[in-house]
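Have a look at the structure below before the remarks.
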Amino acid sequence: TNIAPQAKITSTSAEPDSPAAAAVDGTIDREAKKPAHEWISQEGGGGMIKFEWQEPRNIHAIRVYDSPAADRWTQEGFFTFSDGSMEWMY
């Protein structure tokens with residue numbers, strides 16, 4: 001079950017037509033024709049997106065879909081959890 005849409009979603013920044021909430025809108029744009037369906041940070045690197053749920057959640061897997069636009073590919077990142085643990089994504 002995808003619990004991401006149930007979260008409060010915030011980010012350090014976003015392009016005007018690509019808000020953080022677009023990261024979980026259910027649309028996977030494989031051709032980079034609809035930037036409104038992906039979160040695009042204004043930082044160009046180092047941007048952060050945060051998911052917060054009202055109740056504690058058990059997360060068994062995280063699926064990340066990167067932008068199909070080569071100039072917006074995620075090189076690496078990490079997940080930080082409420083218990084302080086961290087997992088890298090390469």
Side-chain angles (χ1 to χ4, degrees):
T1 302
N2 182 1
I3 63 170
Q6 301 164 8
K8 175 185 173 190
I9 302 167
T10 56
S11 64
T12 52
S13 71
E15 290 294 328
D17 294 329
S18 301
V24 298
D25 70 1
T27 301
I28 301 169
D29 178 17
R30 299 188 197 286
E31 297 177 15
K33 293 183 178 179
K34 301 175 187 168
H37 291 291
E38 64 179 295
W39 167 59
I40 302 174
S41 167
Q42 290 180 326
E43 282 108 317
M48 183 187 79
I49 189 167
K50 185 176 185 178
F51 295 73
E52 295 179 279
W53 290 270
Q54 290 183 350
E55 305 280 330
R57 300 296 182 134
N58 289 320
I59 297 174
H60 302 284
I62 298 172
R63 186 173 294 162
V64 176
Y65 293 92
D66 205 348
S67 176
D71 64 330
R72 295 194 300 265
W73 285 347
T74 302
Q75 301 299 313
E76 65 181 4
F78 59 90
F79 302 97
T80 305
F81 301 96
S82 59
D83 67 359
S85 63
M86 189 170 85
E87 290 289 333
W88 281 93
M89 174 187 76
Y90 299 100

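The first residue of the sequence shown is numbered 1, and numbering continues consecutively from there.
Counting only heavy atoms from C-beta outward, the side chains of Ser67 and Ile40 never approach each other to under 4.5 Å. Residues Ile49 and Ile9 meet the side-chain proximity criterion, which asks for heavy atoms closer than 4.5 Å. The side-chain heavy atoms of Trp39 and Ser11, taken from C-beta on, include a pair separated by under 4.5 Å.
Linking ILVMFWY side-chain heavy atoms closer than 4.5 Å, directly or via other members, places Ile59 and Met48 in two distinct hydrophobic clusters. Hydrophobic clustering (side-chain heavy atoms under 4.5 Å, transitive across Ile, Leu, Val, Met, Phe, Trp, Tyr) keeps Trp88 apart from Ile62. Residues Phe81 and Val24 share a hydrophobic cluster, clusters being chains of Ile/Leu/Val/Met/Phe/Trp/Tyr side chains in contact below 4.5 Å.
Note that the CD1 atom of Ile3 and the NE2 atom of His60 stand 8.5 Å from one another [nearest 0.5 Å]. In this structure, CD on Gln54 lies 10.0 Å from CD on Gln6, to the nearest 0.5 angstrom. Distance check, rounded to the nearest 0.5 Å: OG of Ser41 to CD of Glu15 gives 8.0 Å. In this structure, Phe78 CZ and Ser85 OG are separated by 12.0 Å, a value rounded to the nearest 0.5 Å. Here Phe79 contributes atom CZ and Phe51 contributes atom CZ; the two are 8.5 Å apart, rounded to the nearest 0.5 Å. Within the model, atoms NE2 of His37 and CG of Asp17 stand 11.5 Å from one another, a figure rounded to the nearest 0.5 Å.
Considering all non-hydrogen atoms of both residues, Ala14 and Ala20 come closest at CB-N, 4.3 Å.
Thr74 places no side-chain N or O within 3.5 Å of a backbone atom of Glu76 that could act as its donor or acceptor partner.
Side-chain polar atoms of Glu38 and Ser18 form no donor-acceptor pair below 3.5 angstrom.
Counted within 6.0 Å of CD on Glu87, heavy atoms from surrounding residues, nucleotides or ligands total 12 or fewer; the atom is thus considered open.
The hydrophobic cluster containing Tyr65 also includes Ile28, under a criterion of side-chain heavy atoms closer than 4.5 Å among ILVMFWY residues, counted directly or through chains of members.
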